[in-house]
Amino acid sequence: MQTLPGMNLIAGRCGPILLTVFTILSKAHGDRNIYPSSGVLFVHVLEREYYKGEFPPYPKPGELSNDPITFNTNLMGYPDRPGWLRYIQRTPFSDGVLYGSPTFESVGKPTIIEITAYNRRTFETARHNLVINIMSGEDFPLPYQAEFFIKNMNVEEILASEILGDFLGAVKNVWQPDRLNAINITSALDRGGRVPLPINDMKEGVYVMVGADVPFSSCLREVENPQNQLRCSQEMEPAISCDKKFRAQFHIDWCKISLVDKTKQVLITQELMRGEGILPDAGEYKPPSETLKTRDYYIDFLITLAVPSAVALVLFAILAYIMCCRREGIIQLVHHSAIQKSTKELRDMSKNREIAWPLSTLPVFHPVTGEMVPPLHTDTYDNTNMPLMQTQQTLPHQTQIPQQQNAGQWYT
C-alpha cells in the first residue's frame, strides 16, 4: 500500500505527536478499495514503509527503523487467497506483491483480502483489509493471446512497472496492435520449474501472457516453421528475426512461446453446443426433503450377525456327529489310540534291549595264576552305550608283559 505524500510532509514537520495520530487513523481506516478490471493483470504492492507506523519505533531516538516485516494474505473467512490471486515476498526486508488476473466470474463481487503484517523484531501484528472490486473489462477477452517465457527474470522483477512497460513496448513493436494488455504473469516454479542454482546470477524464469486485438505478426509465427520446430526438438534456439528487439533486456525462450486464437475456440464451442450427445438441462438440483422417515437398522444388524452364526453352528454339529457318532469316526479314534500304544511299547523295549557281548569283553583266564578274570562291565552298566573295544586298563589280577626298548634292554 502506498502512503499519501501530504501525510509524510505533516509527519515530518510536526514530529512524533502527529505520528501517533497517523497510526490511529490508519488503524481506524485500514480498509482500502481498489477497482481492477477482469482479464487484465492486477498488481498491488504491500510496502513495508506503510506498515512501519503500526509498530513502535526503536528505543533510541533518531535511530532508523528497519525491522523485518512479513505479510500473510488470505480471503476473509478462508485460510487462503482466491485461486487467481498470488503473493510473493523474497525477504522480510523487501516489499510484498499481490498479483494475478481477475476472472470474469468474480465481476461485481467484492473480494476482501485480509493483510496481516508481522514485525519479526517485536512480534507485533497489524491487520488491514483490501477490498478488490472487480470491474468488467470492455475488451475482455482479447481474441489473440501470446505467452512468452523470459529466462533472465524473476517474477518480482517483471512485476515492477518500469520493466513490465519495457517488455510491453518491445512486444508492441513486434506485433503492432491497437490494444495491448498484460493478462497474466506466472513464475516458472508454479509451472513445475526447478529452483536454479545460486551461481552466475541464474533466474527462475517467468511466463508473461499478453493479449491484443489483431492477429499475430509474421515474426511471432516464425516459431511454427518446420525448421524452427526441428531445432526446438533438438534443444537448439530457433532462428527468429525479431529476437534482437528483445535481446537487449529480455532473453526469450522462443520454443516455449504459446499462441492462442480465441476466435477459433469460440466457433468450435458453438459447433459443439449444436451437436448431439449433450445432456439436456435438468434444472436446479433439488435436495431430499427434511421430512424423511428415520430408518432403524437394528434388525439388519441382528440378521447380519445371526445368519453367519447359525451356519457356523450347523457345520460344527455335522462335524461332531461324523467324528463321534458314526462308525467311521470311532474306528479312526481307535486306530489312533492303537498307534500311540504301539509307539509307547517300542520306546520301552528300546530302553531294556539286550545285545551280544563282544569277544573282548568275555571272561578270560589269568596267564600266571589261571584264575578267571571278571569282565570289565557290570550288570548295572548301560548295555546300549557299551563300546565294542574296551580301553586297556591295568586290573588288579593282570600282569604286564615285558617289552624291549633299546639294545636288548627290557623293561616292564
Side-chain angles (χ1 to χ4, degrees), residues 36-37 39-43 45 86 88 97 99-101 137-194 196 199-265:
S37 299
V40 182
L41 179 64
F42 161 74
V43 179
V45 181
R86 297 184 178 92
I88 186 172
V97 181
Y99 66 99
S101 180
E138 297 179 356
D139 51 356
F140 175 80
L142 292 172
Y144 302 97
Q145 299 178 3
E147 187 177 53
F148 299 85
F149 178 65
I150 306 176
K151 298 185 292 185
N152 64 329
M153 289 284 177
N154 289 334
V155 63
E156 70 274 8
E157 297 174 352
I158 197 66
L159 287 174
S161 59
E162 299 82 3
I163 298 180
L164 183 58
D166 295 341
F167 178 76
L168 293 178
V171 174
K172 190 173 183 179
N173 292 333
V174 174
W175 202 338
Q176 296 296 329
D178 295 334
R179 295 194 307 269
L180 180 68
N181 291 330
I183 298 177
N184 199 3
I185 292 179
T186 308
S187 174
L189 301 182
D190 298 333
R191 297 282 187 91
R194 303 178 63 179
I199 55 176
N200 298 330
D201 196 22
M202 298 182 65
K203 304 295 183 178
E204 299 172 356
V206 59
Y207 290 88
V208 181
M209 177 175 287
V210 298
D213 57 343
V214 297
F216 305 108
S217 63
S218 58
C219 174
L220 297 179
R221 290 193 176 276
E222 289 180 3
V223 72
E224 299 177 351
N225 296 337
Q227 296 82 4
N228 290 329
Q229 292 294 325
L230 179 61
R231 295 176 66 90
C232 289
S233 62
Q234 298 175 353
E235 298 183 357
M236 300 174 60
E237 292 187 3
I240 306 298
S241 60
C242 57
D243 181 59
K244 58 183 179 180
K245 296 184 179 180
F246 297 90
R247 182 64 62 177
Q249 190 176 1
F250 307 100
H251 296 172
I252 306 298
D253 190 347
W254 293 100
C255 292
K256 294 184 179 181
I257 189 174
S258 175
L259 304 178
V260 180
D261 190 352
K262 291 289 185 179
T263 58
K264 296 181 180 180
Q265 293 183 356

Subject >> pair Asn181-Leu41: side-chain heavy atoms closer than 4.5 Å >> reply: no
Subject >> Inter-residue atom distance Trp254.CH2 - Cys242.SG, 0.5 Å rounding >> reply: 4.0 Å
Subject >> Contact check, side chains of Val174 and Leu220, non-hydrogen atoms, under 4.5 Å >> reply: yes
**OP:** Mind checking side-chain contact (heavy atoms from CB on, under 4.5 Å) for Gln234 and listing every partner two or more places apart, or none if nothing turns up?
**Re:** Leu230, Met236
Original post:
When you measure from the side chain of Gln176 to the backbone N and O of Asn173, does any donor-acceptor pair fall under 3.5 Å?
Top reply: yes
Subject >> Contacts of type side chain to side chain donor-acceptor pair (under 3.5 Å), residue Asn154, not counting sequence neighbours >> reply: none
Subject >> Under the ring-ring contact (aromatic ring centres under 6.0 Å, His included) test, residues paired with Phe149 that sit two or more places apart >> reply: Tyr207
Subject >> Inter-residue atom distance Asp253.CG - Glu237.CD, 0.5 Å rounding >> reply: 7.5 Å
**OP:** Please list all pairs passing the salt bridge (charged side-chain N to carboxylate O under 4.0 Å, His left out) test where one or both residues lie in residues 207-220, with sequence neighbours left out.
**Re:** Arg179-Asp213
Original post:
Taking only residues two or more places apart in sequence or in another chain, which ones pass salt bridge (Lys or Arg N to Asp or Glu O under 4.0 Å) with Arg86?
Top reply: Asp190
**OP:** Please identify each residue that fulfils side-chain contact (heavy atoms from CB on, under 4.5 Å) with Pro215, with sequence neighbours left out.
**Re:** Tyr144
**OP:** Show your working on side-chain contact (heavy atoms from CB on, under 4.5 Å) between Ile252 and Ile257 and close with a plain yes or no.
**Re:** CA-CA 9 Å; Ile252 306 298; Ile257 189 174; 5.9 Å; no
Subject >> Nearest-0.5 Å distance, CE of residue Met209 to OG of residue Ser101 >> reply: 9.0 Å
Original post:
Is there a donor-acceptor pair under 3.5 Å between the side chain of Asn228 and the backbone N or O of Glu222?
Top reply: yes
Subject >> Taking every non-hydrogen atom, the tightest pair across Val260 and Phe216 >> reply: O-CZ, 3.3 Å
**OP:** With sequence neighbours excluded, tell me which residues meet side chain to side chain donor-acceptor pair (under 3.5 Å) with Ser161.
**Re:** none
**OP:** Provide the closest heavy-atom pair for Ala212 versus Leu180 in the form atom of the first, atom of the second, distance.
**Re:** CB-CD1, 4.1 Å
**OP:** Please name all residues satisfying salt bridge (Lys or Arg N to Asp or Glu O under 4.0 Å) with Lys203, sequence neighbours left out, ordered by chain then number.
**Re:** Glu157, Asp201
Exercise answer: donor-acceptor pairs, residues 162-171 side-chain atoms, under 3.5 Å, sequence neighbours excluded:
none

**OP:** With sequence neighbours excluded, tell me which residues meet side-chain contact (heavy atoms from CB on, under 4.5 Å) with Cys232.
**Re:** Pro238, Cys255
Original post:
If you round to the nearest 0.5 Å, how far is CG of Asn152 from CZ of Arg247?
Top reply: 8.5 Å
Original post:
Taking only residues two or more places apart in sequence or in another chain, which ones pass salt bridge (Lys or Arg N to Asp or Glu O under 4.0 Å) with Glu147?
Top reply: Arg191
Subject >> Approximate separation, where rounding is to 0.5 Å, of Leu142 CG and Ile183 CD1 >> reply: 5.5 Å
Original post:
Between Glu204 (side chain) and Met153 (backbone), is there a donor-acceptor pair under 3.5 Å?
Top reply: no
Subject >> side-chain contact (heavy atoms from CB on, under 4.5 Å) involving Val214 - partner list, sequence neighbours excluded >> reply: Trp175, Pro177
**OP:** Mind checking the CD1-OH spacing from Ile88 to Tyr99? Nearest 0.5 Å is all I need.
**Re:** 5.5 Å
